[in-house]
Amino acid sequence: MAHFAKLGANGKVIQVLTLDNKDMLNADGVEDESVGQQYLETHNNNLILISASGVLAYSNQINNNTNDLDFKQIKTNISKFIGEEQFRKSRIHDFDWLEGGWFSIKDVNIYKDQIYVSYTREVKENCWNTSLLHGKMNLKLIIFQNLFTSDECVHFYDNIDEEFNAHQSGGRVISLENDKVYFSTGDFRSRHRTQKIDSMFGKVIEIDKVSKNYKVISMGHRNPQGLYYNKEDNFLIEAEHGPQGGDEINIIKLNQKEIPNYGWAISSYGEHYGGAKASYNQKTYKKYPLYKSHSDYGFIEPIKYFVPSIGISQIVGLDKKNHYVVASLKDSSLYFFELKESKEIINMNRIEIGERIRDMIKYNNELYLFLEDTASFAQVILK
């Protein structure tokens with residue numbers, strides 16, 4: 001199965017080719033039922049992917065003009081950190097196996113000979129955070145170790161706001177050449193933690209690869225799903241899910257004297273689910289008012305927000321300076337745009353793909369998308 005479409009984007013033509021994913025295996029050599037949620041990387045001209053349940057595989061057919069991609073599994077020890085018992089807890093709302101994806105792998109990133117994988121960690125029974133593994137990249141066997149974790153966790157039942165949602169876990173990873181890793185964490189709907197500097201939740205964190213020391217780079221985030229590093233101008237561009245409306249794109253300037261605060265859960269252009277008129281939200285709005293202005297309350301305004309939400313996901317930079325593309329889940333589209341002087345988005349152009357885009361990478365002059373609805377890949381050729 002493959003289909004082609006020619007689409008306009010910022011005055012250019014792109015071509016979309018959907019590729020089948022036929023041979024994704026799990027550790028027992030049987031079909032992996034979690035293929036609907038996967039994350040992408042490349043390494044030495046191989047396409048690398050990891051499923052929500054931790055199945056890691058590669059295909060060396062990325063440069064071949066073929067409609068099918070055959071994958072070979074890479075053996076790992078990921079089951080030491082997250083396994084069947086945690087995956088089954090994703091079915092708390094009568095989901096099918098991993099349909100909810102609450103407790104799962106959240107991202108993969110490869111830099112030179114090192115691979116980084118984020119995951120939801122059960123710190124103690126029914127108490128969770130988002131943690132980060134690393135290992136030496138190898139197509140045969142990878143032994144992972146924890147690079148970043150914490151004893152702090154959000155309990156499924158016993159928490160201050162009596163709410164829990166592991167979809168809001170963040171987990172995006174970027175590794176840099178200067179021995180630093182940037183790592184995003186969500187709030188698990190434990191909203192008050194995002195405004196606590198000493199909490200790991202709702203933050204973007206910088207981790208030293210060697211010492212494993214870390215520091216908070218930014219705070220006041222709900223669920224950061226996209227991160228891209230602009231090396232030339234030394235900033236991160238971040239994309240995060242809002243609540244009911246209010247998805248954001250933010251600029252995080254690095255090496256600041258004070259930790260920049262992006263406002264969640266005091267300010268947001270979205271609403272708590274159900275809105276302010278819902279009787280069950282009265283207590284929530286009193287504690288977390290979601291003011292529409294960020295700057296009036298001492299927070300940093302997003303450079304772009306979306307109402308209604310688009311289900312924003314990964315963001316990547318393009319070859320032309322200050323040009324980017326961000327993907328979406330709910331809206332099933334790509335948004336190409338230009339960033340003017342790191343402050344303003346201009347010339348945003350929406351391109352509909354037609355499926356939820358869980359992850360996106362740029363390889364050569366092409367984008368590779370993982371499409372959740374059909375568990376397939378889209379190859380977007382930029383011309």
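Values in this document were obtained by computation on a predicted structure and should not be read as measured data. Heavy atoms only: backbone and side chains are in, while hydrogens, waters and symmetry mates are out.
The cluster map of Ile, Leu, Val, Met, Phe, Trp and Tyr, joined by side-chain heavy atoms under 4.5 Å apart, puts Leu236 and Ile251 in different clusters. Residues Ile105 and Ile48 are members of one and the same hydrophobic cluster, defined by side-chain heavy-atom contacts under 4.5 angstrom among Ile, Leu, Val, Met, Phe, Trp and Tyr. Under the 4.5 Å side-chain contact rule for hydrophobic residues, Leu227 and Leu339 do not share a cluster. Val216 and Ile252 fall into different hydrophobic clusters, where Ile, Leu, Val, Met, Phe, Trp and Tyr residues are linked whenever their side-chain heavy atoms come under 4.5 Å apart, directly or through other members. A continuous path of hydrophobic side-chain contacts links Met348 to Ile310 [ILVMFWY only; heavy atoms under 4.5 Å].
Rounding to the nearest 0.5 Å places CG of Leu132 at 5.0 Å from CG of Leu147. For the atom pair NZ of Lys362 and CG of Leu40, the computed distance is 15.0 Å after rounding to the nearest 0.5 Å. Atoms CG and NZ, on Asn126 and Lys124 in that order, are 11.0 Å from each other to the nearest 0.5 Å.
Under 4.0 Å is where a charged nitrogen must lie from a carboxylate oxygen, and between Arg350 and Asp331 at least one such pair does. A salt bridge is absent between Glu301 and Lys292; no separation between the charged side-chain nitrogens and carboxylate oxygens falls under 4.0 Å. Classification of Asp161 and Arg193 as a salt-bridged pair fails, no side-chain N sitting under 4.0 Å from a carboxylate O.
In the model, Tyr273 has no side-chain atom that pairs as donor or acceptor with a side-chain atom of Asn281 under 3.5 Å. Side-chain contact of Asn261 with Tyr297: a donor-acceptor pair under 3.5 Å is absent, judged by distance alone. Neither side chain, Ser175 nor Gln114, offers a donor N or O lying under 3.5 Å from an acceptor on the other. For the 3.5 Å distance criterion, the side chains of Arg121 and Thr149 qualify, holding a donor opposite an acceptor. Under the 3.5 Å distance criterion, with hydrogens and angles disregarded, no donor-acceptor pair is assigned to the side chains of Gln314 and Tyr228.
Atom CD1 of Ile346 sits in a crowded spot, with more than 12 heavy atoms from other residues, nucleotides or ligands closer than 6.0 Å. Around atom NZ of Lys80, no more than 12 heavy atoms belonging to other residues, nucleotides or ligands sit under 6.0 Å away. Other residues, nucleotides and ligands place more than 12 heavy atoms under 6.0 Å from the CG atom of Asn178. No more than 12 heavy atoms of other residues, nucleotides or ligands sit less than 6.0 Å from atom NZ of Lys136. In Phe144, the CZ atom is crowded: over 12 heavy atoms of neighbouring residues, nucleotides or ligands sit closer than 6.0 Å. Atom NZ of Lys75 has 12 or fewer heavy atoms from other residues, nucleotides or ligands within 6.0 Å.
Counting only heavy atoms from C-beta outward, the side chains of His323 and Phe337 never approach each other to under 4.5 Å. Residues Val154 and Gln168 fail the side-chain proximity criterion, which asks for heavy atoms closer than 4.5 Å. Side-chain contact between Glu258 and Pro260: absent, with no pair of heavy atoms (C-beta onward) separated by less than 4.5 Å. Between Leu254 and Tyr229, some side-chain heavy-atom pair lies under the 4.5 Å cut-off. Between Ile300 and Asn250, the closest side-chain pair of non-hydrogen atoms is not below 4.5 Å. Side-chain atoms of Leu329 and His241, non-hydrogen and from C-beta on, do get closer than 4.5 Å to each other. In this structure the side chain of Tyr368 reaches within 4.5 angstrom of the side chain of Ile62, judged on heavy atoms. At least one side-chain heavy atom of Leu318 sits less than 4.5 Å from a side-chain heavy atom of Phe336.
Below 30°, between 30° and 60°, or above 60°: for Tyr305 and Tyr269 the angle between ring planes is below 30°, a parallel geometry. Classified by interplanar angle (parallel below 30°, tilted 30° to 60°, perpendicular above 60°), the ring pair Phe201/Phe188 is perpendicular. Between Tyr214 and Phe148, the ring planes lie perpendicular to each other; the angle is over 60°, past the 30° to 60° tilted range. In this structure, Phe103 and Phe164 have tilted ring planes: the angle between them lies in the 30° to 60° band. Below 30°, between 30° and 60°, or above 60°: for His134 and Tyr116 the angle between ring planes is below 30°, a parallel geometry.
Of the possible donor and acceptor atoms, none in the side chain of Thr76 sits under 3.5 Å from a partner among the backbone N and O of Ile142. Judged purely by atom type and a 3.5 angstrom limit, Gln38 has no side-chain atom pairing as donor or acceptor with the backbone of Ala375. Formation of a donor-acceptor pair under 3.5 Å by the Ser328 side chain with backbone atoms of Ser332 is found in this model. Checked by atom type and distance alone, the side chain of His272 pairs as donor or acceptor with a backbone atom of Tyr288 at under 3.5 Å. Tyr39 places no side-chain N or O within donor-acceptor distance of the main-chain N or O of Asn109, the cut-off being under 3.5 Å. Remark: side-chain polar atoms of Lys212 are paired, donor with acceptor, to backbone N or O of Asn146 under 3.5 angstrom. Judged purely by atom type and a 3.5 angstrom limit, Thr194 uses its side chain to pair as donor or acceptor with the backbone of Trp264. In this structure, the side chain of Ser131 does not engage the main chain of Tyr119 through any donor-acceptor pair within 3.5 Å. In this structure, Asp187 contributes its side chain and Gly202 its backbone to no donor-acceptor pair below 3.5 Å. With hydrogens and angles disregarded, a donor-acceptor distance shorter than 3.5 Å links the side chain of Asn223 to the backbone of His167.
No cation-pi contact links Lys180 to Tyr182, judged by a cut-off of 6.0 Å to the six-membered ring centre and 45° from its axis.
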Worksheet entry | Test log, rule side chain to side chain contact (heavy atoms under 4.5 Å, CB included), inputs Ser184 and Glu238 | CA-CA 9 Å; Ser184 75; Glu238 178 256 7; over 6 Å; no
Item to complete: Could you please spell out the steps behind the side-chain hydrogen bond (donor to acceptor under 3.5 Å, both in side chains) verdict for Thr120 and Gln86?
Response: CA-CA 9 Å; Thr120 42; Gln86 291 94 335; over 6 Å; no
Item to complete: Go through the steps for Glu372 and Arg358 under the test salt bridge (Lys or Arg N to Asp or Glu O under 4.0 Å), then give the verdict.
Response: CA-CA 6 Å; Glu372 278 195 342; Arg358 170 57 61 180; 2.6 Å; yes
Fill in: Audit row: Thr374, Glu355, side-chain hydrogen bond (donor to acceptor under 3.5 Å, both in side chains) steps and yes/no
CA-CA 8 Å; Thr374 56; Glu355 288 194 37; 2.8 Å; yes
Discussion item. Between Phe306 and Ile249, is the side chain to side chain contact (heavy atoms under 4.5 Å, CB included) condition met? List the steps.
Written reply: CA-CA 9 Å; Phe306 297 83; Ile249 298 177; 4.1 Å; yes
Item to complete: With side-chain hydrogen bond (donor to acceptor under 3.5 Å, both in side chains) as the test, would you mind laying out the steps for Tyr58 and Asn44 before giving the verdict?
Response: CA-CA 11 Å; Tyr58 73 97; Asn44 292 343; over 6 Å; no
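The two residues Gln61 and Asp70 have their closest heavy-atom pair at OE1-N, 2.6 Å. In plain terms, the two heavy atoms of Ser313 and Ile357 that are nearest each other are OG-O, 3.0 Å. Considering all non-hydrogen atoms of both residues, Asn129 and Ser150 come closest at ND2-O, 2.9 Å.
Aromatic pair Phe71/Phe377: centroids less than 6.0 angstrom apart.
Residues in residues 162-173 take part in these salt bridge (charged side-chain N to carboxylate O under 4.0 Å, His left out) pairs, two or more places apart or across chains: Asp107-Arg172, Glu163-Arg189, Glu163-Arg191, Arg172-Asp359.
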